[in-house]
Amino acid sequence: LFARGARDDTFWESLEEILISGDVGSRQTEEIILSLRERTSSDTSDSEALGTLSSILCERLRAVEGTGMPVRFSTGPTVVMLNGVNGSGKTTTAAKLAWILGNEGKKVLIAAADTFRAGAVEQLNVWGSRAGVRVIFHTHGGDPGAVVFDAIRAVEAGNFDCLIVDTAGRLHNKTNLMEELSKISRIIDRNCQGWTLESFLVVDAVSGQNGLKQAEVFGGTVPLTGLIITKYDHAAKGGIILSAGNELGLPVRYVGIGENMDDLKLFEPEEFVNALLG
Amino acid sequence: SLRERLEGVFKGLRNRGKLTEVDISDALRDVRRALLEGDVNFRVVKDLVEKIRVRAVGKDVLDSITPAQQVIAIVYEEMSALMGGGRQTLSFSPRPPSKYILVGLQGSGKTTTCVKLAKKLSDGHKPLVIACDYRRPAAAEQLRILSSQAGVGFFGPAEGEKDVQLIARMAMDHAAQRLFDVLIFDTAGRLDIDEGLMEELANLGKTVEPVETLLVVDSMTGQEAVNVASAFNERIPLTGIILTKIDGDSRGGAALSIKAATGVPVKFAGVGERVVDLEVFDAERMSQRILG
Ligand SMILES: Nc1nc2c(ncn2[C@@H]2O[C@H](COP(=O)(O)OP(=O)(O)OP(=O)(O)O)[C@@H](O)[C@H]2O)c(=O)[nH]1
Ligand SMILES: Nc1nc2c(ncn2[C@@H]2O[C@H](COP(=O)(O)OP(=O)(O)OP(=O)(O)O)[C@@H](O)[C@H]2O)c(=O)[nH]1
Ligand SMILES: [Mg+2]
Ligand SMILES: [Mg+2]
């Protein structure tokens, strides 16, 4: 595609198509193209320009603190809260994280705080037994905050290193559901003084620009410490993460690359940029 | 809103004298922006804006005292032309049972939508939902719980059964014995690029011989919507789309992209998590929403 020499309109048009098709978004794409135009001249070759672009994008991602960083552990247990819209991959990601951390020697407990959706607790219990991780759950329809509270007590009593809280999917424009999420987050904050707190937004890689809106609104409701991009094994490029980093300062910590327990890895900016630019 | 932006653009342009074709092209940049921000596919936007441009550089727009209004009207007309058409109601088989297969990417809302559809068809029919997802943990259980909430029939696979064609055949036998006349098959979420799973779907279609195969698409789906729909359509001919989570605030451009690229019409919209939350798709409301 960019094998020719000097750049012309076709180069910029093709680049725009690549970025937009990768869900980078039109505003962010315009800004990226402008910034590349400033750093290239009429005798820069296409491949050089692409190389420059690749560096720009990798630098930008690396500049977002926490990019590709695993779940943090220091003194006291770590709580990982998983948030996100319906179907984004939270429950599966909870299992994957439990599996990975368990293999690193951490004693992990999962809180099944989705007390609403049909079969949610059953789904998490199957994963828990596969991962060899204990799951705290209540009866269907109960108060999610109560599950979290019980789980926190269990962490203290059982000397666990990590508590993973799986929450119910919710659309960010539903005020009452976002208030419920905020309440769960406050319960963790109040009862886990001195612990390490992580709160991730789980976003589907196939999402369009609404994924950015999700990050904005969820970020305004709970103190997000990062994104997990799921279903990255799809052909979708997840371009919204550029805006998430640039405009919201949110780092991508992990990517989900499949439906099995070991299909989760740390985010790598270079791999993302190469896939995006083809 | 787009209307306000266009009015602003045209106001500025008219202050410099008569409108020209170049002025219109400038204004169309805003239309293009709005469509892309609404998640409409890049190529679909390109074709659509060109169609709009050809009409918008006509004398009646250039000489109009309300050019913004004229352009917006053209935009809506061209969008409706793209999104409308095609049979938007559910088909039934001339001889029962009517069989429906719901397919789509992971987490798009298939399981929930199967039950919603069954609920919708309960009046005048005896629906049965069938669990053909052996991959997701507790998938059959989720479907069983939802179908009991909705008061519709449920058929699940034997423990550990992984042959979807066998499950389907047993379900159809069960349905024949119990006189269920509407059969809705829930399938596992799958990637359109997963050859093995797409093959499984194609085979299921041959076994079931559905009157409709419906692609369930999350309304927040981005630029990949066209590739996904085209790939599914190639393996198991789609007769309709169900757009889910419309109760969110995604612009929903995927609806326009898919219809424009594959011709498959959007038939229903999921508007919530309850089993009653399924509406007939409103193409006009969707156009307004996409433009923001
Ligand atoms: N291919 C692929 N599928 C995934 C990935 N992560 C999750 N899934 C699938 O996506 C679907 C939804 O996953 P869940 O974990 O149930 O999503 P959730 O966010 O908990 O959903 P709700 O609780 O209903 O909001 C399941 O079929 C998962 O197997 C991933 O990284 N890749
Ligand atoms: N708000 C809202 N949520 C929905 C809608 N449709 C489905 N959901 C939710 O989206 C999530 C995923 O729904 P499922 O029915 O499990 O999706 P699925 O396609 O069967 O998922 P897989 O089988 O894992 O591929 C659940 O939390 C549902 O309650 C809708 O129209 N609106
Ligand atoms: Mg879940
Ligand atoms: Mg399902």
Side-chain angles (χ1 to χ4, degrees), chain A residues 16-27 29-30 85-92 95 116-130 140 168-174 203-211 213-214 217 230-231 233-240 258-259, chain B residues 32-43 45-46 105-112 115 135-149 188-194 218-228 231 244-245 247-254 272-273 275:
Chain A
E16 186 193 31
E17 176 162 5
I18 284 180
L19 294 175
I20 301 249
S21 300
D23 287 312
V24 172
S26 52
R27 184 177 63 228
T29 295
E30 283 176 18
V85 298
N86 306 70
S88 61
K90 299 172 293 301
T91 301
T92 312
F116 168 74
R117 210 206 70 213
V121 170
E122 287 83 342
Q123 180 188 12
L124 199 47
N125 273 323
V126 172
W127 278 123
S129 74
R130 284 183 193 178
H140 184 260
R170 68 204 64 225
L171 296 180
H172 48 279
N173 58 331
K174 311 231 161 150
V203 182
D204 193 327
V206 185
S207 321
Q209 297 309 301
N210 197 254
K213 191 95 188 285
Q214 292 167 25
V217 180
T230 58
K231 308 174 205 176
D233 42 322
H234 190 267
K237 305 297 187 292
I240 51 169
E259 302 194 68
Chain B
R32 180 171 183 268
R33 246 292 196 72
L35 290 168
L36 289 175
E37 284 171 0
D39 286 328
V40 183
N41 179 270
F42 184 88
R43 298 232 162 143
V45 171
K46 199 164 180 203
L105 295 180
Q106 288 87 347
S108 56
K110 298 174 293 299
T111 303
T112 314
V115 180
R135 302 182 74 245
R136 170 172 159 152
E141 184 62 7
Q142 179 191 9
L143 190 64
R144 194 190 59 71
I145 294 170
L146 285 172
S147 50
S148 121
Q149 281 175 12
R190 67 202 65 216
L191 299 183
D192 50 297
I193 52 174
D194 186 324
D218 193 321
S219 61
M220 67 165 194
T221 304
Q223 294 286 316
E224 279 292 301
V226 168
N227 290 338
V228 171
T244 59
K245 308 173 204 171
D247 45 319
D249 61 9
S250 61
R251 301 263 288 265
E273 295 194 72
V275 292

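All heavy atoms count here, side chains included; hydrogens, waters and symmetry mates do not. Note on naming: letters A, B, ... go to the chains in the order of the sequence lines (proteins, then strands), and numbering restarts at 1 for each one.
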* **Heavy-atom contact with chain B under 4.5 Å, split by part of A:E259** => side chain
* Structure fact -> Honestly, the part of B:V228 sitting under 4.5 Å from a heavy atom of chain A is side chain
* Structure fact -> Residue from A:S207, A:G89, A:A120, A:A205 scoring the most non-hydrogen pairs under 4.5 Å with chain B is A:S207
* Asked: Given that the side chain runs from C-beta out, which part of B:R32 has a heavy atom under 4.5 Å from chain A: side chain, backbone, both or neither?
  -> side chain
* Structure fact -> Here the gap from B:T111 atom OG1 to B:L146 atom CG, rounded to the nearest 0.5 Å, amounts to 8.0 Å
* Structure fact -> One option among A:E122, A:K237, A:H140 has the most heavy-atom pairs under 4.5 Å with chain B, and it is A:E122
* Asked: Using a cut-off of under 4.5 Å for heavy-atom pairs, which of B:G248, B:G107, B:P137, B:A254 has the most such pairs with chain A?
  -> B:P137
* **Distance-minimising heavy-atom pair for B:V40 and B:G253** => CG2-CA, 3.8 Å
* Between B:L105 and chain A, which part of the residue has a heavy atom less than 4.5 Å away: side chain, backbone, both or neither? -> side chain
* What part of A:D233 gets closer than 4.5 Å to chain B, counting heavy atoms only: side chain, backbone, both or neither? -> both
* Does A:T91 reach the main-chain N or O of A:L124 with its side chain, forming a donor-acceptor pair under 3.5 Å? -> no
* Heavy-atom pairs under 4.5 Å with chain B, option from A:D23, A:I240, A:T29 with the top count -> A:D23
* Looking only at atom types and distance, does a side-chain atom of A:S129 sit under 3.5 Å from a main-chain N or O of A:V126, one as donor and one as acceptor? -> yes
* Is it true that a side-chain atom of B:R190 and a backbone atom of B:A188 form a donor plus acceptor pair closer than 3.5 Å? -> yes
* Asked: When heavy-atom pairs shorter than 4.5 Å are enumerated against chain B, which of A:G119, A:G87, A:A95 gives the highest number?
  -> A:G87
* Asked: Residues two or more places apart in sequence or in another chain: which of them pass salt bridge (Lys or Arg N to Asp or Glu O under 4.0 Å) with A:R130?
  -> none
* **Max heavy-atom pair count under 4.5 Å with chain A, selected residue of B:T244, B:D192, B:L143, B:T112** => B:D192
* To do: Heavy-atom distances under 4.5 Å only: say whether B:E273 touches chain A with side chain, backbone, both or neither.
  => side chain
* A:R27, CZ atom: more than 12 neighbouring heavy atoms under 6.0 Å -> no
* Check A:V85 against A:H172 and note the closest heavy-atom contact, atom names and distance. => CG1-ND1, 3.9 Å
* Structure fact -> With chain B, the option among A:R117, A:Q214, A:K174 that has the most non-hydrogen atom pairs under 4.5 Å is A:R117
* Asked: Is a side-chain N or O of B:R251 found less than 3.5 angstrom from the main chain of A:Q209, in a donor-acceptor match?
  -> no
* Heavy-atom contact with chain A under 4.5 Å, split by part of B:D247 -> both
* Relative to chain B, which segment of A:E16 carries a heavy atom at a distance below 4.5 Å: side chain, backbone, both, or neither? -> both
* Asked: Between B:D39 and chain A, which part of the residue has a heavy atom less than 4.5 Å away: side chain, backbone, both or neither?
  -> side chain
* **Greatest number of heavy atom pairs closer than 4.5 Å to chain A - which of B:N227, B:T221, B:N41** => B:T221
* Asked: Taking only residues two or more places apart in sequence or in another chain, which ones pass salt bridge (Lys or Arg N to Asp or Glu O under 4.0 Å) with B:R136?
  -> none
* **Choice from B:R135, B:Q149, B:Q142 maximising heavy atom contacts with chain A below 4.5 Å** => B:Q142
* Mark yes or no for whether A:K213, through its side chain, and B:D249, through its backbone, hold a donor-acceptor pair below 3.5 Å. => no
* Asked: Contact part of B:E141 toward chain A, heavy-atom cut-off under 4.5 Å: side chain, backbone, both or neither?
  -> side chain
* To do: Without swapping roles, check the side chain of B:S219 against the backbone of B:K245 for a donor-acceptor pair under 3.5 Å.
  => yes
